[in-house]
J.: 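Have a look at the structure that comes next, please.
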Amino acid sequence: MPPFFGWIKCNPDGAYDEITGANGAGYVMRDYSCKASFCASLVFQVKSAEEAEARAIWEVMKKALELNFTHVIIESDAKNLINKFSTGCFDGDTSTDVFKDIQFFSLKFVDCIFSFQPRLCNSVAHELSQWAKKTMSLCTGLCLLFG
């Protein structure tokens, strides 16, 4: 489902392999016409699947602020995180400060909605995160901009 006019839907996803520590994050931003306006694949230094998901959310929110978006919907399959963030709970693991950054970012938008969507609805972001996990462990990231 596309967002309403004036809104940007951001679909982040994180991936983490507990055995190897390989990780990746990906996201896609779409406007009301379903046109992808920006997507990226990235790798972070993380220690869990939850942290990979949180970093993906953090990254897409940071980019949305850089692009001066004012109304964003963060759709993710990270149900526990989305439930926490949508109720205003930004307490997290003390080994990372991304939860507090996500709270700070959310307050910078005119409106920010956190919405859970199953992986099936988030397949492009999922594929980007998997690609990053498999191929970019030694790189810092790749961004693709759509015109």
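What you see is a predicted model, and the numbers here were worked out from it, not measured in a lab.
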J.: What are the two closest heavy atoms between Ala52 and Ala15, and how far apart are they?
T.: CB-O, 3.7 Å

J.: Does any part of the side chain of Glu75, heavy atoms only, come nearer than 4.5 Å to the side chain of Lys9, both counted from C-beta?
T.: yes

J.: Roughly how far, to the nearest 0.5 Å, is the CZ atom of Phe85 from the OG atom of Ser115?
T.: 14.0 Å

J.: Could you tell me whether the side chain of Ile74 reaches within less than 4.5 Å of the side chain of Pro12, counting heavy atoms only?
T.: yes

J.: Side-chain contact, heavy-atom cut-off 4.5 Å: Arg30 with Asn11?
T.: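 Counting from C-beta outward, Arg30 and Asn11 do come under 4.5 Å.
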
J.: Between Glu53 and Ala78, is there a donor-acceptor pair closer than 3.5 Å when you use the side chain of the first and the backbone of the second?
T.: no

J.: Check ring pair (Phe, Tyr, Trp, His ring centres under 6.0 Å) between Phe104 and all other residues, then give those that pass, not counting sequence neighbours.
T.: none

J.: Side chains of Leu42 and Tyr27: closer than 4.5 Å at any heavy-atom pair?
T.: yes

J.: Could you check if a side-chain atom of Ser76 sits within less than 4.5 angstrom of a side-chain atom of Phe114, using non-hydrogen atoms only?
T.: no

J.: Which residues satisfy the side-chain hydrogen bond (donor to acceptor under 3.5 Å, both in side chains) test with Ser33, sequence neighbours excluded?
T.: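 In terms of side-chain hydrogen bond (donor to acceptor under 3.5 Å, both in side chains), with neighbours along the sequence ignored, Ser33 is linked to Asp31.
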
J.: Applying ring pair (Phe, Tyr, Trp, His ring centres under 6.0 Å), name anything that partners Phe109, two or more places apart in sequence or on another chain.
T.: none

J.: Taking salt bridge (charged side-chain N to carboxylate O under 4.0 Å, His left out) as the definition, give me every residue that meets it alongside Glu18, ordered by chain and number, with sequence neighbours left out.
T.: none

J.: Backbone N or O of Lys47 within a donor-acceptor pair of the Glu51 side chain at under 3.5 Å?
T.: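 Yes.
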
J.: Would a hydrophobic clustering, with Ile, Leu, Val, Met, Phe, Trp and Tyr connected at side-chain separations under 4.5 Å, put Ile73 with Ile57?
T.: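 Each belongs to a different hydrophobic cluster.
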
J.: Got a second to check how far Phe38's CZ is from Glu66's CD, nearest 0.5 Å?
T.: 8.0 Å

J.: Check whether the ring centres of Phe99 and Phe90 lie less than 6.0 Å apart, and answer yes or no.
T.: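 Judged by ring-centre distance (under 6.0 Å), Phe99 and Phe90 do not meet the cut-off.
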
J.: Kindly write out the residues that satisfy ring pair (Phe, Tyr, Trp, His ring centres under 6.0 Å) with Phe4, not counting sequence neighbours, or none if the list is empty.
T.: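 Phe4 satisfies ring pair (Phe, Tyr, Trp, His ring centres under 6.0 Å) with no other residue.
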
J.: Does any non-hydrogen side-chain atom of Phe105 lie less than 4.5 Å from one of Leu65?
T.: yes

J.: Just so I know, are the side chains of Leu81 and Glu50 near enough to count as touching, which here means a heavy-atom distance under 4.5 Å?
T.: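 They are in contact (side-chain heavy atoms under 4.5 Å apart), so the answer is yes.
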
J.: Nearest 0.5 angstrom please: Cys10 SG to Leu67 CG, how far?
T.: 9.0 Å

J.: For Met61, run the side chain to side chain contact (heavy atoms under 4.5 Å, CB included) check against Val98, Val72, Ile102 and tell me which one passes.
T.: Ile102

J.: Does anything in residues 98-116 form a salt bridge (charged side-chain N to carboxylate O under 4.0 Å, His left out)? List the pairs, not counting sequence neighbours.
T.: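 Residue pairs passing salt bridge (charged side-chain N to carboxylate O under 4.0 Å, His left out), neighbours aside: Asp91-Lys100.
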
J.: Find out whether Asp17 and Asn23 are in side-chain contact, i.e. whether some heavy atom of one side chain is under 4.5 Å from a heavy atom of the other.
T.: no

J.: Heavy atoms only: give me the nearest Phe44-Ala25 pair and the separation to one decimal.
T.: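 Looking at all heavy atoms of both residues, the shortest contact is CE1-CB, 3.7 Å.
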
